[in-house]
Protein chains: 2
Amino acid sequence: MTYSEENYLKVIYHLSIGSSKGITTNAIANEMESKPSSVTDMVQKLAEKGLVIYKKYQGVSLTDNGRFTALMIVRKHRLWEVFLLEKLDFSWDEVHDVAEQLEHIKSEKLTDKLEEFLDFPTEDPHGDPIPDREGKIKKVDKKLLSEVEAGKKVICVGVKDSSPAFLQYLDKQQIALGSAIDIIAKEDFDMSLTLRVHDRQMTVSNKIAANLFVKTV
Amino acid sequence: MTYSEENYLKVIYHLSIGSSKGITTNAIANEMESKPSSVTDMVQKLAEKGLVIYKKYQGVSLTDNGRFTALMIVRKHRLWEVFLLEKLDFSWDEVHDVAEQLEHIKSEKLTDKLEEFLDFPTEDPHGDPIPDREGKIKKVDKKLLSEVEAGKKVICVGVKDSSPAFLQYLDKQQIALGSAIDIIAKEDFDMSLTLRVHDRQMTVSNKIAANLFVKTV
DNA sequence: ACTATTTTTTAGGTTAGTCTAAATATTATT
DNA sequence: AATAATATTTAGACTAACCTAAAAAATAGT
Ligand SMILES: [Mn+2]
Ligand SMILES: [Mn+2]
Ligand SMILES: [Mn+2]
Ligand SMILES: [Mn+2]
């Protein structure tokens, strides 16, 4: 299993969440920042190895084997993110890039010992669930802030976009996982929201609200 | 800097210790388990990048830049070995293979934070010194057990061969870093040694003695 | 000093992973 | 249903990192 193969599997896994159809080569190319023709090549190789199902022009989907392989990479990625944050004092906007490298280290023992060292965390620093060694993943009940009605009280439990830019914006606004948010009003014109967070009132655009996962309390 | 380039630099660095002449392509190929022709290719590329000095048929040596790069890889390798042993309960014969992968992770912040997390260790689990972030390396005063005269008392401070086979042999004989060893006798015929370790008497071959670093007390 | 052996380099080929440009299939529009 | 637009695949080419086999240089033996 090469790094490249692992990265393709991971991208296909992420794109598969939600959409029940085959994932298009264009979508994969877009996510991988590569070209559709490159994706076609790789997807054919993954199909030969039994990791994906692929028929020309039909898009691609993971086999059980392929899904498990992807989950083990996601597991490593998220465990390393926890390690970097909790043990090495990285901030939540710094962990992802390094985890992109660490996720490819091959040692089951390392992964399992790391998990134990971290005390079996169930979520990564961005609120995403960590698959266990069997590939089981906790289903978390969360919705986007943009989909909650005005008047509700919610708690921030995750981010959809985990880019440094967005995370640093949240830091600046003092919004973190666990923050209590009151939705005071929703503006019909642009779907912007007026919120109260830690007794501070603020307005956020729909784009912000559509990237924050919350649970209702 | 690719993994392959990094591995070549590391091998050239290790071979450079002791020998003041240029390192031959054959020696490198042997160490890398590759072919001399492949080494020639790579060495030419490294020379173009200013990491080694290379003249046809003359062997190769590291530039300051190349040496520093190699030292940073060795630094990461040894810090990760300490991490695996101290924090994740790996044994000293298990750490090397995983560190071979981890040494290639690129993040200065990660390396420095890891070093801090480990409380600035100066040696790895096999007694080898850990370069600091400037590439400075502590010169340790140690000699091979095979070079010490009979009658001396020494302390085991390192291993030359850190293969699992050798390390597991030492475990079985209850020899570890820090063990006090009395050299009772040396057999002229085969250079084997009779030792006392932890009040147990044993005989070891010259091959064993030539792979154990000790300091005299 | 000359020849034989060994070491090292060069020449040419392979595979993985990428790309661009062209061909083909699918989907949307009239 | 035919045509236009878009999506996808194929064809051919490139680079990095390796290889084998042949050529050339260095070293050793007489
Ligand atoms: Mn991440
Ligand atoms: Mn990756
Ligand atoms: Mn090692
Ligand atoms: Mn390596």
Side-chain angles (χ1 to χ4, degrees), chain A residues 1-16 19-62 66 69-70 73 100-101 103-106, chain B residues 1-16 19-62 66 69-70 73 100-101 103-106:
Chain A
M1 184 89 339
T2 66
Y3 281 29
S4 194
E5 289 173 334
E6 291 189 347
N7 283 334
Y8 273 93
L9 285 179
K10 196 179 54 151
V11 162
I12 296 166
Y13 168 77
H14 285 310
L15 291 172
S16 296
S19 99
S20 55
K21 298 169 202 151
I23 308 304
T24 67
T25 45
N26 256 4
I28 298 169
N30 190 52
E31 200 70 19
M32 300 271 305
E33 300 186 357
S34 66
K35 301 292 164 180
S37 55
S38 307
V39 175
T40 301
D41 281 353
M42 178 56 87
V43 145
Q44 287 171 343
K45 190 166 61 147
L46 293 173
E48 272 167 33
K49 292 197 176 187
L51 295 162
V52 301
I53 310 274
Y54 167 69
K55 284 210 199 76
K56 274 189 198 176
Y57 298 101
Q58 300 304 123
V60 66
S61 61
L62 293 168
T69 307
I73 299 160
E100 278 296 305
Q101 299 179 62
E103 72 188 3
H104 298 289
I105 303 294
K106 283 161 194 62
Chain B
M1 186 86 343
T2 66
Y3 281 29
S4 194
E5 289 173 334
E6 292 189 346
N7 283 333
Y8 272 94
L9 285 180
K10 195 177 55 152
V11 162
I12 296 166
Y13 169 77
H14 285 309
L15 291 171
S16 296
S19 100
S20 56
K21 297 168 202 153
I23 308 304
T24 66
T25 46
N26 257 4
I28 298 168
N30 190 51
E31 199 70 19
M32 300 272 303
E33 302 186 357
S34 67
K35 303 291 164 182
S37 54
S38 307
V39 175
T40 302
D41 280 354
M42 179 56 86
V43 146
Q44 286 171 344
K45 191 168 56 149
L46 293 173
E48 272 167 33
K49 292 196 176 189
L51 295 161
V52 302
I53 312 274
Y54 167 69
K55 284 210 197 77
K56 274 189 199 180
Y57 299 100
Q58 301 305 125
V60 65
S61 60
L62 292 168
T69 307
I73 298 160
E100 278 296 304
Q101 299 179 62
E103 72 189 4
H104 299 289
I105 302 293
K106 284 162 193 63

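Labels below follow one simple rule: chain letters A, B, ... track the order of the sequence lines, proteins then strands, and each chain is numbered from 1.
- Computed from coordinates, the A/Lys35 NZ to C/dA16 C1' distance equals 20 Å when rounded to whole Å.
- Heavy atoms of B/Ser37 sit under 4.0 angstrom from at least one base atom.
- Counting any heavy atom pair closer than 4.0 Å across all strands shown, A/Tyr3 reaches no nucleic acid atom.
- Remark: P of C/dT8 and CD1 of B/Ile23 are 11 Å apart, rounded to the nearest angstrom.
- Rounded to a whole Å, the CD1 atom of B/Ile28 is 13 Å from the P atom of D/dC18.
- Atom CD of A/Glu6 is separated from atom C1' of C/dA16 by 15 Å (rounded to the nearest Å).
- The separation between B/Asp41 atom CG and C/dG12 atom P is 14 Å, rounded to whole Å.
- Here the side chains of B/Leu9 and B/Val52 are in contact, with some heavy-atom distance below 4.5 Å.
- Ranking C/dT9, D/dT9, D/dC19 by closeness to the B/Tyr57 side chain, first place goes to C/dT9.
- Salt-bridge formation is not detected for the pair B/Glu31/B/Lys10: no Lys NZ or Arg NE/NH1/NH2 atom is positioned less than 4.0 Å from an Asp or Glu carboxylate oxygen.
- At the phosphate of D/dT9, neither OP1 nor OP2 sits under 4.0 Å from any side-chain N or O atom of A/Gln44.
- At a threshold of 4.5 Å between non-hydrogen side-chain atoms, the residues A/Glu5 and A/Leu51 do not count as touching.
- Rounded to an integer number of Å, the gap from B/Glu48 CD to D/dT15 P is 13 Å.
- If you check every strand for non-hydrogen atoms under 4.0 Å, B/Thr25 touches sugar and phosphate atoms only.
- Comparing D/dT10, C/dT10, D/dC19 by their nearest atom to the side chain of A/Lys56 picks out D/dT10.
- Between A/Tyr54 and D/dT9 there is a side-chain N or O to OP1 or OP2 distance below 4.0 Å.
- Using a 4.5 Å heavy-atom cutoff, the side chains of A/Asn7 and A/Glu103 are in contact.
- Distances shown here put every side-chain N or O of B/Ser38 at or beyond 4.0 Å from the OP1 or OP2 atom of D/dC18.
- Both A/Gln58 and A/Glu5 lie close to DNA chain C; mapped to their nearest nucleotides by heavy-atom distance, the more 5′-ward contact belongs to A/Glu5.
- In terms of phosphate contacts, A/Asn26 brings a side-chain nitrogen or oxygen within less than 4.0 Å of OP1 or OP2 of D/dT8.
- Distance, B/Lys55 NZ to D/dA26 P: 13 Å, rounded to whole Å.
- Using cut-offs of 30° and 60° on the angle between ring planes, the pair B/His104 and B/Tyr3 is parallel.
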